[in-house]
Amino acid sequence: ESAGETATTVKLIRVTFLAPFILVLVLVLRHRGLLDTEPTDRPPLLPSFIIAFLILASVNSIGAIPDWLQVQLWSISKWSLLTAIAAVGIKTELRRILQMPSQAITLILAETAFIALLVVFAIGWIGSK
């Protein structure tokens, strides 16, 4: 139970940091002309799932969602995330992962290390209060 809650929290933190990262990345790529698309074919600045996440997180943060509904939504969220992780695991072939370019693996490892350090720092900071 505790590991599932921690995993869900870490995943939510990752999604939260994903929004500004994607926004900056898309703006930089557009500015440098590295997105070879017509203006009408451009991807949105932020994907709809990130916009939905930010809206729901904001609505929840201002207290607009009743406690009883928060409990139900948290349970649905936790099981949905666990199901998604299991689905990714089922589709994952280690052989294909080893064929990935070294830059992609380096980026994944760097992101994981950054998030791990951020979580350790946050736990230490919260624990000291």
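We're numbering straight along the sequence, starting at 1. Any value given below was found using the heavy atoms of this structure, including those in side chains, with hydrogens, waters and symmetry copies removed.
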Applying side-chain contact (heavy atoms from CB on, under 4.5 Å) between Leu25 and each of Ile22, Leu29, Leu27, report the one that passes. Leu29
Donor-acceptor pairs under 3.5 Å, side chain of residues 94-118 to any protein atom, not counting sequence neighbours: which ones?
{"unit_1": "Arg95", "atom_1": "NH2", "unit_2": "Glu93", "atom_2": "OE1", "d": "3.1"}
{"unit_1": "Thr106", "atom_1": "OG1", "unit_2": "Ser102", "atom_2": "O", "d": "2.8"}
{"unit_1": "Glu111", "atom_1": "OE1", "unit_2": "Arg14", "atom_2": "NH2", "d": "3.2"}
{"unit_1": "Glu111", "atom_1": "OE2", "unit_2": "Arg14", "atom_2": "NH2", "d": "3.1"}
{"unit_1": "Thr112", "atom_1": "OG1", "unit_2": "Ile108", "atom_2": "O", "d": "2.8"}

Establish whether Leu69 and Phe53 are linked, either directly or via other cluster members, by ILVMFWY side-chain heavy-atom contacts under 4.5 Å.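 Leu69 clusters together with Phe53.
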Applying a strict under-4.5 Å side-chain criterion to I, L, V, M, F, W and Y, I'd like to know whether Val59 and Trp68 cluster together.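 Yes, Val59 and Trp68 fall within the same hydrophobic cluster.
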How long is the straight-line distance from CG of Leu54 back to CZ of Phe49, given to the nearest 0.5 Å? 10.0 Å
Which donor-acceptor pairs under 3.5 Å do side chains of residues 73-90 form with protein atoms, sequence neighbours excluded?
{"unit_1": "Lys78", "atom_1": "NZ", "unit_2": "Glu1", "atom_2": "OE2", "d": "2.9"}
{"unit_1": "Ser80", "atom_1": "OG", "unit_2": "Ile76", "atom_2": "O", "d": "2.8"}
{"unit_1": "Thr83", "atom_1": "OG1", "unit_2": "Trp79", "atom_2": "O", "d": "2.7"}

